[in-house]
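Structure first, then comments.
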Amino acid sequence: MLTTALVLILILPAMGALLAAALPGRPARWVATSSAAAATALALWCVIAVYPGVHRSSLGSLPWLGEQAGRGILGVLLDPLSSVLLLVVAVIGLLTVVYSLPYVSETNRGHSAGPRDQSRYYFWLLFFVASMLGVATAPNFLQLFICWELTTLCSWALISYYRGETSLRAGFKALVMTHVGGVFFLLVLLILFVETRSFEFDAIAGLAPPRKGLVFFFLMVAAWAKAAQVPFHTWLPDAMEAPTPVSAYLHAAAMVKAGVYLMARSVSSGWAMPQGLAILLGAMAVVTMYLALSYYFRQDDLKRLLAYSTIAHLGYVLLGVALGAVGSTTGFRGGVLHIVCHGFGKATLFLCAGAIVYVTGSRSISALGGLARSMPLTATAFFVGILAVTGVPPFACFWSKFMLLAGALELPGPIGPGLLALLLGETLIAFGWLLYIAQKVFLGAPSPAARVPSDPPLAMRATLVVLILGCVVAPAIGIPLVEPLGR
Amino acid sequence: MSNGALSVLGLCAVNVLLALLLAPLYEGILRKLRAVIHSRQGPPLTQSYLDLLKLLGKEDLRTSPGALYAFAPALTLASVLVLATLVPMGTAPPLGFAGDIIVIVYVAAVSAVLAILTAFASQSPYAFVGGSREMMLLLAVEPVVVVTLIVGAVNAGTLATGDIVTWHTANGPTISMVVASVALFLALQAQAGKLPFDIPEADQEIMGGPLVELSGARLALLRWALWAKQLVFAFLLVEIFVPWPSTGTYYIDLTLALAKVLLVLILVAVVDAVNPRLRVEQAMRYYARVAFVSLSALAFAVIGM
Amino acid sequence: MSHVFLLGSSVALFLLGALTSFALARNPRLCGWIAVVFVTVAAVPLCGVVGETFRTGGQPEVILLHLSSLGASWAIAVDPLSAFFLVIAVVVGVLSTVFSVDYMIRLEKDSVAKFYPVLLVFFSSIVGVLVTSDFLFFLVFWELMTLTSFLLVTFERESSTSQRAGRKYFIVTHAATLCMVAGALIVWQISGSFHFAAMRDALGTLLDTQPVSGHLVIFLFVLGFATKAGVLPMGDWLPDAHPVAPSGMSALLSGVLVKLGIYGLLRVFCSFVPVSASLQAWGVVVALAGVGSLFIGTLAALMQTDSKRLMAFHTIGQIGYVCLGLGVGLYCLADNPALAALGLMGALFHVANHACFKACLFLGAGSVLYRTGERDMNKLGGLGTSMPLTAASSTIASMSIAGVPPFNGFASKWLILATCLLVGMSAPLFLALAIVGLFISLVTLASFLKVLGAVFLGQADENSDVREVPWTMALPQVVLAALCILLGVFPQVFLWFAHAALAGVSQVGLPPIDLLLGGSWGLTLAVSGIQVGFWAPSAIVVALFLSGSLAYGIQRAAGARVRHVPVWTGGEEHAAGTVRYPASSFYLPFKEAFRGIYPTVRLRVPAFPASLRKALDLDRWLYMPLARTVEQAARGLGRTHLGIPQVYLLWIVVGAMVVMGILLLTV
């Protein structure tokens with residue numbers, strides 16, 4: 001029953017994608033919405049049914065891979081870690097689809113889209129949802145890799161969706177850079193298969209030391225590329241050429257989270273990551289945070305600002321994973337919890353940015369001002385998003401950052417307090433700047449670009465309301481989910 | 001009513017009446033003295049009483065309908081009279097159980113505040129200038145008063161005025177108390193509103209400052225309050241800092257105190273008679289220096305000298 | 001009924017009120033009245049809890065929620081200290097809400113939908129802060145309180161000054177909260193729990209084993225709470241945030257929010273830090289910080305001409321007095337519990353008093369703003385006759401804040417300063433602090449005489465149509481002014497509560513209040529049995545009344561006629577209001593002496609060096625060149641493809657020959 005449901009979760013959006021491609025116009029939108037809704041409902045049910053245990057079943061095998069590796073190569077896995085990703089991907093996926101209904105249409109002031117464009121959009125978006133769900137439920141590295149590369153493909157298509165010069169260039173850049181990461185992932189698969197004849201997650205713990213270090217390093221590179229970490233951070237801001245719901249989904253909630261999920265998965269399978277590499281991972285995460293922070297002050301494009309913020313926050317997740325690898329369970333939990341919390345917070349922010357683009361046709365911070373008068377709901381959502389993302393209690397990221405900080409202090413020696421100071425410093429600066437931006441855009445006297453009639457249409461408003469709620473309740477759902485994690 | 005309560009009430013009445021009735025007399029003496037120094041004939045000693053009586057019957061011209069303007073002069077006098085009950089006159093202060101030296105400092109400030117509020121309430125710009133100057137002078141003088149009283153408190157180990165007097169009577173003079181008494185004497189000049197510190201009134205510049213729009217009975221009360229205040233402060237000075245000789249008999253002590261007060265006020269009048277008026281910032285600078293003197297007294301007190 | 005039920009029902013009422021008022025926000029007046037009703041009704045169960053707490057000396061702790069992964073649990077406990085602050089919050093909260101009903105209608109540019117609902121959430125977060133006994137959840141409520149107060153401060157959406165001030169407030173206080181997060185986590189490292197009791201034990205251990213981190217933790221907590229309390233230099237947010245907030249909110253900021261910083265400091269020092277030499281050192285630090293901010297804050301206030309900004313600076317100053325009392329109390333806690341109790345009681349009493357008079361003053365300034373639209377005191381004057389109730393309340397409150405006996409400000413200042421002097425007899429530092437305190441008390445007086453003179457006294461404008469404010473705005477001021485008098489004349493009643501509040505949290509047994517403050521007339525300070533300080537307000541009031549009657553009797557004795565005349569201005573005719581003495585002219589020489597006491601520092605975003613920016617731009621020097629290289633290499637390879645069959649054939653032949661050659665050579 002569970003297995004069927006889990007398979008259906010993958011198949012439904014995929015079917016929806018195909019149908020949407022086949023049926024242009026209004027039907028495509030209905031198909032997309034209903035299939036995403038069904039998948040989300042199933043995903044929720046599965047998570048509740050499985051919690052706090054593990055559900056694993058194999059569906060098929062590839063005999064030519066050999067006795068050991070080939071058996072059960074295809075299947076589904078749902079444990080607390082994948083539940084976290086599944087929830088984020090499914091729920092925010094559904095919200096993105098709903099939000100897209102009015103956004104990807106003729107009424108968008110920034111970019112209008114005709115029926116053919118719409119069906120192309122829904123095809124790729126649902127296909128993306130399906131592959132992301134595949135990443136979440138993959139039982140081994142091989143299946144994870146396949147879904148991983150599918151997400152890369154879909155993201156290329158979606159970033160280049162508007163087909164302008166910059167869009168095509170940005171899509172290509174994203175494709176190449178994340179694919180380079182994928183190559184490293186492929187190398188991992190090869191080494192793993194050669195050494196252990198298996199693609200299982202646990203196999204990674206059984207590797208001999210020099211190989212193990214290499215494998216983890218390659219995994220790290222793959223994760224960095226996918227999650228837009230230093231030194232691969234340059235693709236994400238450019239990818240903001242994508243339609244805003246896509247940015248919200250790909251670059252806040254889903255695709256970039258695949259990278260950190262891979263890291264969390266491989267670290268937590270046997271906790272075998274070499275200490276040195278874990279420290280490197282953590283150090284790079286901190287470097288990424290501050291580097292991303294340094295870009296805040298020069299951004300005039302609201303979405304690019306949010307992209308840099310995303311990069312910084314993925315750094316938080318990876319830092320949590322690194323803390324887990326060096327022995328801090330709380331830190332690991334905090335990092336994983338941050339996936340959920342940041343997902344909701346950042347999706348809110350992106351969808352608000354989308355609402356601004358939709359209504360005003362502009363996303364330049366300097367051109368906007370005083371939007372709150374005409375767009376009170378968007379303003380509220382944006383402020384909630386800012387507070388949630390920067391970790392102002394009682395909103396979402398406070399809890400995950402707090403757990404992360406607590407985890408940092410579980411380490412012996414001066415590392416913990418040092419990290420504490422660094423993270424709190426980043427938090428404060430980011431908070432101050434984003435608050436400034438939010439005030440600039442929404443408060444003060446309305447600018448000429450901001451003389452607009454009202455909030456966006458109902459579907460977009462409803463999405464924003466759900467996300468506002470999500471920013472508050474995400475920790476309440478996330479904390480029980482991360483509690484079984486750890487050694 | 002018990003015996004103790006009766007004696008408190010009686011002493012209160014004595015202090016209040018002393019302040020009320022002797023203040024014009026002392027002022028009359030001072031006026032005469034000043035006239036003598038200026039080689040003038042001078043008014044009779046009773047002139048101050050006559051002035052008050054005359055003013056009380058005069059028409060009351062009001063520039064503002066406010067209640068504050070109407071009642072504040074009476075309250076000013078009342079606060080000075082309350083101050084009189086907190087200050088030792090011949091014996092421990094009758095309301096000593098109700099207020100220590102901190103209370104004295106604040107009640108003294110209240111009378112100044114009420115005078116300033118009367119000035120502001122009169123709406124005259126001259127009164128505003130005068131009130132503002134009065135406040136600045138208060139800001140300069142009051143720290144000196146505070147510190148000298150604290151010197152006494154530190155020496156005696158208590159904040160109660162009566163106990164400080166008792167201590168000083170019993171222990172004799174110390175360096176700190178002598179220095180402090182000099183500082184308090186210098187402060188008295190401004191508290192009494194005498195030259196060179198009659199800056200708030202400055203008749204030749206701002207026509208009496210706070211008093212410019214006061215007339216009749218209310219002017220009388222305010223004048224009276226000022227005279228009573230200089231008397232009470234002189235009592236404070238002589239009783240705390242020069243309590244000897246102390247016989248323990250109330251009447252003799254009171255008479256002695258009255259004589260000492262007269263002496264102090266004569267000194268004040270002499271200074272008044274021979275000095276020109278300072279500007280307010282000069283006065284503040286002067287009292288800042290006096291404050292340092294008083295702080296040195298405090299330093300002596302802290303090291304037990 | 002259990003206290004959790006009562007607290008829960010009052011919070012539920014607040015939240016229900018928030019929803020209701022949000023739904024009815026189209027009608028500002030109705031919305032306001034709904035908020036008033038809900039706040040008042042919600043105050044009833046709170047009062048029940050408070051009464052019960054003072055009767056029983058503390059409510060048992062109840063755990064509502066447990067987060068096992070962090071060792072945190074949401075524990076609710078009401079002790080007398082919480083109850084004390086709850087009372088202040090309830091009184092000022094209800095009165096400010098009533099005041100706001102009419103006041104907010106004037107700000108028609110912005111919808112009240114973002115005032116009353118947020119206000120009610122603000123109240124519930126205050127309740128949360130006061131009753132939570134687990135630091136993690138405490139921080140959550142604390143920051144919720146900061147957030148809601150930020151929203152209330154920045155109510156005027158389109159005013160850029162208000163946005164800027166709100167931003168400063170939020171960022172500064174958020175930084176303070178992050179300091180507390182850091183402190184709490186360092187303690188958690190040892191305790192593994194955020195419960196107050198566990199943190200106390202852990203902090204004790206930490207101070208013994210690693211004194212540096214122990215003191216760092218205390219420092220972080222002090223920083224966190226002192227920022228909220230408005231102690232300089234962290235309290236710099238205060239003079240900006242108060243003037244721009246709607247006046248009801250300004251009253252709440254100064255009356256309640258700032259006080260919670262003091263609540264935090266009391267919690268930290270009375271129940272976290274063990275009684276030891278280090279507590280004594282921290283007492284000195286707190287007292288010095290307090291005197292620093294009372295000195296600078298009050299002198300800076302003297303320079304102001306914006307009425308609300310002036311009062312905000314005075315809040316800094318008055319909080320300085322509270323900190324002075326707190327500091328002297330902590331200094332003595334180990335050696336001399338009697339003096340310690342007196343200092344702490346003075347601090348707590350001043351907290352309550354300051355809530356009364358400062359709320360009253362802000363409401364008064366708000367009333368003036370409501371009628372005249374003006375905060376600049378240079379442009380005001382003579383409002384006393386047209387706004388008698390406001391003028392009277394503000395006068396009483398001004399006298400209270402300036403410490404004029406027998407109002408309440410004097411009683412608490414007397415207690416604090418007397419304690420300081422008594423302690424100073426053995427530790428001369430406190431003598432100096434007390435002298436500064438006494439001097440600054442006069443500066444406060446000067447400053448408020450300026451306010452009264454410039455706003456309410458002096459000449460009114462000709463034909464000004466200023467009237468008294470509506471009763472909803474006048475009533476809260478009158479009530480607060482009455483409280484100022486009541487607390488001033490009967491301080492012993494209120495000090496009993498302060499003593500109970502302190503006895504509930506203090507780690508050392510405090511002497512019973514009868515031994516500290518005996519005397520049936522008022523307050524009599526007794527140290528080791530000897531009475532050393534006296535303040536009996538009722539006796540002084542009686543004496544003042546009698547001598548006042550005497551003086552007034554003299555005034556009326558001759559029965560002189562009263563005649564109203566115009567102000568004499570040197571014989572020249574001036575229109576009313578044109579020969580005013582402006583607020584900026586008061587005390588000019590004195591202000592000149594202290595110019596520059598409050599320097600303004602402008603922060604700028606640090607410029608990022610362009611070279612570093614270039615070095616960090618990986619696209620510019622790494623990826624793009626790499627991509628171009630790959631592209632050029634591909635182009636180079638592509639040149640080999642000419643599309644001519646003969647050339648390809650040539651390649652095949654050449655290739656075959658090479659292969660043949662290799663084979664021949666190797667075989």
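Because the structure is a prediction, the values reported are computed rather than measured. Order of the sequence lines sets the chain letters (A, B, ...), proteins ahead of strands, with each chain counted from 1.
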- Query: In terms of heavy-atom pairs under 4.5 Å with chain C, which of B/L298, B/D163, B/V113 leads?
  - Reply: B/V113
- Item | Proximal component of B/A70, with respect to chain C [non-hydrogen, under 4.5 Å] | backbone
- Please look at B/L55 and chain C and tell me whether the side chain, the backbone, both or neither of the residue comes under 4.5 angstrom of a heavy atom of that chain. neither
- Message: At a 4.5 Å cut-off on heavy atoms, which part of B/V280 comes close to chain C: side chain, backbone, both, or neither?
- Response: side chain
- Message: Tell me whether the rings of B/F128 and C/Y581 are parallel (<30°), tilted (30 to 60°) or perpendicular (>60°).
- Response: tilted
- Message: Below 4.5 Å, heavy-atom pairs only: which of B/V154, B/L61, B/T76, B/L77 has the largest tally toward chain C?
- Response: B/L61
- Name the region of B/V302, side chain, backbone, both or neither, that has any atom closer than 4.5 Å to a heavy atom of chain C. side chain
- Task: Check each atom of B/V146 against the heavy atoms of chain C and say whether the ones under 4.5 Å are side chain, backbone, both or neither.
- Result: side chain
- Checking heavy atoms, do the side chain of B/L86, its backbone, both or neither come under 4.5 Å from chain C? side chain
- Most contacts with chain C, counted as non-hydrogen pairs under 4.5 angstrom, among B/G57, B/P143, B/A98: B/A98
- Query: Checking heavy atoms, do the side chain of B/L295, its backbone, both or neither come under 4.5 Å from chain C?
  - Reply: side chain
- Part of C/A402 within contact of chain B (heavy atom distance under 4.5 Å): backbone
- Which answer fits B/A160, side chain, backbone, both or neither, if we ask what part of it has an atom under 4.5 Å from a heavy atom of chain C? both
- Item | Most chain C-contacting option - heavy-atom pairs closer than 4.5 Å, from B/G157, B/A67, B/S122, B/S79 | B/G157
- Interface moiety of B/L139 toward chain C, non-hydrogen atoms closer than 4.5 Å: both
- Query: So which part of C/L422 gets closer than 4.5 Å to some heavy atom of chain B, the side chain, the backbone, both or neither?
  - Reply: side chain
- Query: In this structure, are over 12 heavy atoms from other groups packed under 6.0 Å from B/K58 atom NZ?
  - Reply: no
- Given a strict heavy-atom distance threshold of 4.5 Å, which part of C/A557 is in contact with chain B: side chain, backbone, both, or neither? neither
- Note on the structure: So, the part of C/L431 with a heavy atom under 4.5 Å from chain B: the answer is side chain
- Query: So which of B/L117, B/N155, B/L138, B/V103 has the largest heavy-atom pair count under 4.5 angstrom toward chain C?
  - Reply: B/V103
- Task: Using non-hydrogen atoms and a 4.5 Å limit, figure out which bit of B/S124 sits close to chain C: side chain, backbone, both or neither.
- Result: both
- Side chain / backbone / both / neither for B/L56 at chain C, heavy atoms under 4.5 Å: both
- Task: Flag yes if more than 12 heavy atoms outside B/R62 fall under 6.0 Å of its CZ atom; otherwise flag no.
- Result: yes
- Task: Considering only heavy atoms and a distance below 4.5 Å, find which of B/W224, B/F120, B/F71 pairs most often with chain C.
- Result: B/F120
